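Scroll down for the structure; my scribbles are underneath it.
No experiment lies behind these values; they were computed from the predicted model shown.
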Amino acid sequence: MAVDTGKTCIGLYCGKTVLFSNGSNETFGECGGCPRGQRTDSYSICRQCMGTPVLYDWLYLGFMGLLPLILHWFFIEWYSGKKSSSAFFQHITALLECTVAALITLLVNDPVGYLHIRSCGVEKLSDWYTMLYNPSPDYVNTVHCTQEAVYPLYTIVFIYYAFCLVLMMLLRPLLIKKIACGLGKSDRFKSIYAALYFLPILTVIQAVGGGLLCKSELH
């Protein structure tokens, strides 16, 4: 359904998607949430994000990316201690898992197949929590405009953690079974069990406090 392009949408993050474009003539849809990888401009039109992450964006992604690796190393040391010589190989495997997970995450994000990403940028803290800004024009019905205004800083971390988990479950048990001969059977997989706890915790932290963490790092 086409709408009057002269009217802007209500709410901070509601926008009109482009249904058809022919040069300077464009047909727009109704106001709603923009698709992933797009963000509203000053005319409430959803536009493709073509920017690149700034230094602070990379610092934030690097911080969130290093957390699983640091926790892997901590729990490997904690449960291996001096009882096993396999800790070094587990450290290397954890580094390999996180590195491969990061590379795959970059490759599967837009543009697919390249080791660089597009970004919408971060303008303010509310960009991280668009679900809290769905307008209710008549105080009864809600216009749902939830979107990833900070694309890809929000979802890319979830994708990375998912790949970290999958690669750990594929590689680490095989390694530990082969070389962790100095540990008892009950201790061999404790570092993996620990990851099954801290990875979901990191996911919740990203979901709830990602914006606060990013803003705190910027200041």
Side-chain angles (χ1 to χ4, degrees), residues 1-22 24-54 56-58 60-61 63-65 104-112 117-166 199-218:
M1 176 181 178
V3 299
D4 183 0
T5 59
K7 296 181 180 179
T8 59
C9 299
I10 59 174
L12 288 176
Y13 299 101
C14 295
K16 296 171 286 189
T17 57
V18 179
L19 300 179
F20 176 77
S21 178
N22 183 16
S24 59
N25 298 319
E26 294 181 321
T27 303
F28 303 97
E30 295 181 336
C31 292
C34 293
R36 186 171 186 263
Q38 297 184 18
R39 180 170 178 163
T40 56
D41 60 12
S42 57
Y43 299 100
S44 297
I45 299 172
C46 296
R47 299 296 186 187
Q48 193 83 4
C49 296
M50 301 303 296
T52 56
V54 298
Y56 291 116
D57 295 339
W58 286 116
Y60 172 75
L61 292 177
F63 173 76
M64 298 304 292
I104 295 175
T105 301
L106 291 175
L107 290 173
V108 299
N109 271 274
D110 194 35
V112 178
I117 53 178
R118 295 185 295 103
S119 173
C120 294
V122 182
E123 297 178 3
K124 48 193 173 182
L125 181 61
S126 61
D127 291 348
W128 288 84
Y129 305 103
T130 58
M131 74 289 294
L132 303 178
Y133 295 88
N134 293 322
S136 298
D138 56 2
Y139 301 100
V140 176
N141 300 305
T142 300
V143 180
H144 295 282
C145 300
T146 301
Q147 59 185 284
E148 188 181 7
V150 295
Y151 173 87
L153 301 184
Y154 194 72
T155 54
I156 197 172
V157 176
F158 298 136
I159 297 171
Y160 168 69
Y161 288 165
F163 281 123
C164 283
L165 178 61
V166 170
L199 282 173
I201 292 173
L202 291 178
T203 301
V204 173
I205 291 175
Q206 165 68 5
V208 177
L212 298 175
L213 285 172
C214 183
K215 281 298 182 180
S216 66
E217 290 177 6
L218 297 186

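Between Ser126 and Tyr13, the closest side-chain pair of non-hydrogen atoms falls below 4.5 Å. The shortest distance between side-chain heavy atoms of Val157 and Thr203 does not fall below 4.5 Å. For the pair Leu61/Leu106, no side-chain contact is recorded, criterion being any heavy-atom separation below 4.5 Å from C-beta on. Put simply, the side chain of Ile10 does not reach to within 4.5 Å of the side chain of Cys31, judged on heavy atoms. With a 4.5 Å cut-off on side-chain heavy atoms, Lys16 and Tyr43 do not count as touching. Between Leu212 and Trp128, every side-chain heavy-atom pair lies at or beyond the 4.5 Å cut-off. The shortest side-chain heavy-atom distance between Phe28 and Leu19 does not fall under the 4.5 Å cut-off.
Between Ser119 and Thr52, the closest heavy-atom pair is CB-C, 3.9 Å. Contact record, Val18 with Cys46: CG2-O, 4.1 Å, taken as the closest heavy-atom pair.
Note on residues 144-163: pairs passing salt bridge (charged side-chain N to carboxylate O under 4.0 Å, His left out), not counting sequence neighbours, are Arg36-Glu148. Residue pairs meeting the salt bridge (charged side-chain N to carboxylate O under 4.0 Å, His left out) criterion with at least one member in residues 125-135, sequence neighbours excluded: Arg39-Asp127. Sorted pairs that involve residues 150-160 and meet salt bridge (charged side-chain N to carboxylate O under 4.0 Å, His left out), not counting sequence neighbours, are lacking altogether. Within the structure, the salt bridge (charged side-chain N to carboxylate O under 4.0 Å, His left out) test picks out no pair touching residues 150-160 (sequence neighbours left out).
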Practice prompt. Using the side-chain contact (heavy atoms from CB on, under 4.5 Å) rule, take Tyr151 and Arg118 through it: C-alpha gap first, then chi angles, then the decisive distance, then the call.
Written response: CA-CA 8 Å; Tyr151 173 87; Arg118 295 185 295 103; 4.1 Å; yes
Worksheet item: Given the rule in the side-chain contact (heavy atoms from CB on, under 4.5 Å) test, do Asp110 and Gln48 qualify, once you have shown the distances and angles that lead to the verdict?
Response: CA-CA 11 Å; Asp110 194 35; Gln48 193 83 4; 3.9 Å; yes
Item to complete: In sequence, state the C-alpha distance, the side-chain angles, and the governing distance for Phe163 and Val108, and then conclude on side-chain contact (heavy atoms from CB on, under 4.5 Å).
Response: CA-CA 11 Å; Phe163 281 123; Val108 299; 4.2 Å; yes
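Distance check: Lys124 NZ to Leu12 CG gives 5.0 Å after rounding to the nearest 0.5 Å. Asn109 contributes atom CG, which lies 4.0 Å from atom CD1 of Ile156 (distance to the nearest 0.5 angstrom). Separation of atoms CD (Glu30) and SG (Cys14) is listed at 12.0 Å; rounding is to 0.5 Å. Between the CG atom of Leu202 and the CG atom of Leu165 there is a distance of 11.5 Å, given to the nearest 0.5 Å.
For Gln147 (side chain) and Thr130 (main-chain N/O), no donor-acceptor pair under 3.5 Å exists by modelled atom type. Under the 3.5 Å distance criterion, the side-chain polar atoms of Tyr129 are matched with a main-chain donor or acceptor of Gly211. Remark: side-chain polar atoms of Gln206 are paired, donor with acceptor, to backbone N or O of Tyr154 under 3.5 angstrom. A donor-acceptor distance shorter than 3.5 angstrom exists from the side chain of Tyr160 to the backbone of Gly65, with no hydrogens or angles considered.
In this view, Ser44 and Thr8, Cys9 satisfy the side-chain contact (heavy atoms from CB on, under 4.5 Å) rule, not counting sequence neighbours. With sequence neighbours excluded, the residues forming a side-chain contact (heavy atoms from CB on, under 4.5 Å) with Thr142 are Asn134, Ser136, His144, listed by chain and number.
Cys pair Cys145/Cys34: SG-SG separation is not below 2.5 Å.
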